[in-house]
Amino acid sequence: MTKKDDIVQGEGTKSGGLSRRGFLGATALAGIGGATGLGSLVMTRESFAAAAEEARNNYVVHPGELDEYYGFWSGGHSGEVRVMGVPSMRELMRIPVFNVDSATGWGITNESKDVLGHDNTFLNGDAHHPHVSMTDGRYDGKYLFINDKANTRVARIRLDIMKCDKITTVPNVQAIHGLRLQKVPKTNYVFCNAEYVIPHPNEGSDMENMENHFTMFNAIDAETMEVAFQVIVDGNLDNTDADYTGRYACSTCYNSEKALDLAGTMRNDRDWAVVFHIERIEKAVKDGSYKTIGDSKVPVLDGRKGSDFTRYIPVPKNPHGLNTSPDGKYFMAAGKLSPTVTIIAIDKLDDLFAGNLNEERDVVVGEPELGLGPLHTTFDGRGNAYTTLFIDSQVAKWNIEDAIRHYNGEQVDYLRQKLDVHYQPGHNHASLTESRDADGKWLVVLSKFSKDRFLPVGPLHPENDQLIDISGEEMKLVHDGPTFAEPHDCILVRRDQIQTKKIYERDDPFFASAREQAEKDGITLEADNKVIRDGNKVRVYMTSIAPQFMLTEFKVKQGDEVTVYVTNLDTIEDVTHGFCMVNHGVSMEISPQQTASVTFTADKPGVHWYYCNWFCHALHMEMVGRMLVEKA
Ligand code: CUK
Ligand code: CUA
Ligand code: CA
């Protein structure tokens with residue numbers, strides 16, 4: 001598959017010289033697309049049944065039993081987040097975020113528009129990187145953050161109710177991709193990379209001059225969700241992660257060439273990982289030594305080469321994943337077009353920034369060769385790393401300290417096992433791996449292609465999320481899980497680290513705007529069933545108790561802008577009602593003790609039924625009412 005001509009000499013060891021396979025060039029990549037590598041180093045090839053039998057972790061979760069882990073999956077370009085149970089791989093819930101959802105009314109209700117924006121500009125999103133907030137390097141279960149590459153946004157999900165409560169559009173940049181959280185002392189910042197270079201100002205006057213093109217590394221305040229600062233970089237930005245001291249974050253760049261075409265992005269044998277000195281950046285922001293761009297008030301710092309805020313560490317070639325080891329010692333940059341993962345020692349970064357090293361590469365302490373197309377690395381907390389090999393369709397398990405010894409010239413084999421996955425894996429993620437608590441039990445591998453693994457469903461195939469038992473010496477594949485468009489990444493959190501509410505509290509900020517409006521109208525949401533007219537605006541307040549809307553009829557005039565507020569007075573867990581106005585594009589969820597509201601125009605005279613669309617009671621079908629619209 002790889003022609004000899006396409007192999008370029010790489011690093012592999014400190015002294016250079018690549019022993020197995022070298023860099024990939026453009027011609028080698030052509031034709032690789034959907035191929036599955038056989039790999040020369042496959043150590044384990046048990047059948048599914050045998051692997052399952054020998055699995056050390058019991059992955060069968062019997063009916064009525066609960067999973068040990070919450071998994072939060074990005075829904076990719078479906079724009080949503082999915083909540084999974086692991087190890088059963090059962091889908092527990094979907095959380096609409098950057099999409100529109102007919103079941104819950106996300107994108108339809110006023111409460112969701114308070115988050116999404118009432119102009120409802122975008123109906124799409126592209127979610128990649130879900131991450132759970134941390135305190136002192138441990139998941140604290142408060143929030144989950146996720147990027148939207150499609151529309152340059154970052155969303156926050158409250159994990160107590162599993163609803164999105166904030167969305168921020170990052171100004172001055174395009175395509176937020178890599179996203180990770182500050183781990184220590186706690187998640188004060190959401191770090192996120194804008195992927196593409198754009199001209200500044202981007203107003204159509206000078207689009208050819210590459211000198212004025214750049215992109216930025218961004219930090220969002222996790223509580224206010226306002227952008228705290230932006231840092232201009234050389235090249236572009238891909239993935240990112242933060243360290244366990246709170247001082248550094250590191251991002252990969254695959255387009256150091258600032259190329260505008262494919263061949264151009266592969267010109268350099270090395271791009272880089274750029275390290276950000278968070279303390280210095282914070283100080284500059286505090287001192288007011290920054291500029292702003294356009295109308296935005298966000299502090300912008302120049303972190304291009306030569307700046308005090310950054311260091312650029314050369315890394316082969318078009319690197320992609322950037323992962324911090326859970327012992328806090330290393331940043332790992334996956335080589336993508338190089339068979340290597342570059343190990344950066346975090347404890348050498350103080351010296352690097354102080355100017356005590358001869359060159360940037362002195363912070364590199366290992367560069368193991370793992371196979372073709374390394375994309376992302378995850379960890380078991382026992383000193384091993386697991387790297388996905390996109391082109392080889394494998395996961396490589398390797399020992400970090402042995403890889404470092406090998407780099408220093410010792411004859412040790414750092415590779416522990418290669419396991420075939422099906423097929424073309426992107427991210428992989430081990431349980432609790434982004435925290436100090438990495439427990440090395442489960443590994444999820446998010447494969448981009450599923451081909452022959454499932455019953456065929458037409459030309460569009462599902463992805464395949466594979467569950468692998470990593471609790472023992474050998475990785476064991478135990479489950480195939482089809483998923484839809486397209487989990488790039490997931491995170492596994494111990495179930496005791498997440499505390500959810502069973503019913504809403506009446507003062508929940510999620511429906512604060514409804515309560516404010518009710519107060520202005522002299523309405524008690526929990527008691528009143530009333531229609532308030534305000535010019536051509538009509539506000540209909542009603543309560544519901546299974547199986548009844550307490551208002552079964554209301555009258556409006558043709559052309560009125562109608563807002564219906566439903567407050568679910570049921571206090572019994574799981575008794576969710578819905579409100580659907582027939583022929584008006586209106587439907588929404590109202591969970592116990594929740595208030596939800598929706599606004600629409602009553603443009604059709606006559607009788608229009610509304611009904612409860614969440615099955616709530618034996619008489620659920622009878623839970624209905626009518627809107628009478630008088631002809632104008
Ligand atoms: S990225 Cu998709 S496989 Cu958006 Cu983290 Cu690597
Ligand atoms: Cu209320 Cu169905
Ligand atoms: Ca490049």
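Atoms within a ligand are numbered from 1 in the order they appear, just like the ligands themselves.
Remark: the Asn255 side chain and the Thr265 side chain contain no N/O donor-acceptor pair separated by less than 3.5 Å. Side chain to side chain, Ser447 and Asn464 fail the donor-acceptor criterion of an N or O pair below 3.5 Å. Using modelled atom types and a 3.5 Å distance limit, the side chains of Asn239 and His129 yield a donor-acceptor pair. A donor-acceptor pair shorter than 3.5 Å cannot be found between the side chains of Asn568 and Gln594.
At a 4.0 Å cut-off, at least one heavy atom of Asn239 sits close enough to ligand 1 to count as contact. Assignment of Lys149 to the shell around ligand 1 is not supported, since no heavy atom sits closer than 4.0 Å.
Contact annotation: Phe615 places no N, O or S atom under 2.8 Å from atom 2 (Cu) of ligand 2. When distances to the Ca ion (ligand 3) are checked against a cut-off of 3.0 Å, Met266 contributes no N, O or S atom below that limit. Distance check for Asn268 against the Ca ion (ligand 3): none of its N/O/S atoms falls below 3.0 Å. Within the 3.0 Å limit, Tyr254 places at least one N, O or S atom next to the Ca ion (ligand 3).
Residues Tyr541 and Thr567 form no side-chain contact, since every pair of their non-hydrogen atoms from C-beta on lies 4.5 Å or further apart.
Atoms of ligand 1 lying under 4.0 Å from any heavy atom of Gly426, numbered from 1 in the order shown and given with element: 3 (S). Atoms of ligand 1 found under 4.0 Å from any heavy atom of His376, numbered from 1 in the order shown, are 1 (S), 3 (S), 5 (Cu), 6 (Cu). Which parts of ligand 1 touch His177 is read off a 4.0 Å heavy-atom cut-off, strictly below it: atoms 1 (S), 4 (Cu). Of all atoms in ligand 1, numbered sequentially from 1 with element shown, those under 4.0 Å from a heavy atom of His320 are 1 (S), 3 (S), 6 (Cu). Contact atoms of ligand 1 toward Lys448: 2 (Cu), 3 (S) (distance under 4.0 Å to a heavy atom of the residue).
No other N/O/S atom of His620 lies as close to atom 2 (Cu) of ligand 2 as ND1 does. For His128, the N, O or S atom closest to atom 4 (Cu) of ligand 1 goes by the atom name ND1.
A salt bridge links Asp241 with Lys183: the distance from a Lys NZ or Arg NE/NH1/NH2 to an Asp or Glu carboxylate oxygen falls below 4.0 Å. Salt bridge present: Glu80 and Arg94 bring a charged side-chain N and a carboxylate O closer than 4.0 Å.
What sits closest to atom 2 (Cu) of ligand 1 on the protein, heavy atoms only, is His488 ND1, 2.1 Å.
A parallel orientation is assigned to the rings of His128 and His488, their planes being inclined by less than 30° (bins at 30° and 60°).
Around the Ca ion (ligand 3), the angle linking Glu257 (OE2) with Asp271 (OD1) is 90°, rounded to 10 degrees. With atom 2 (Cu) of ligand 2 at the apex, Cys616 SG and Cys612 SG define an angle of roughly 120° (rounded to 10 degrees).
Taking NE2 of His427 as the reference point, atom NE2 of His320 lies at 5.0 Å (rounded to 0.5 Å).
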Discussion item. For Phe615 and His620: C-alpha separation, side-chain torsions, deciding distance, then whether ring-ring contact (aromatic ring centres under 6.0 Å, His included) applies.
Written reply: CA-CA 6 Å; Phe615 213 112; His620 155 79; 4.3 Å; yes

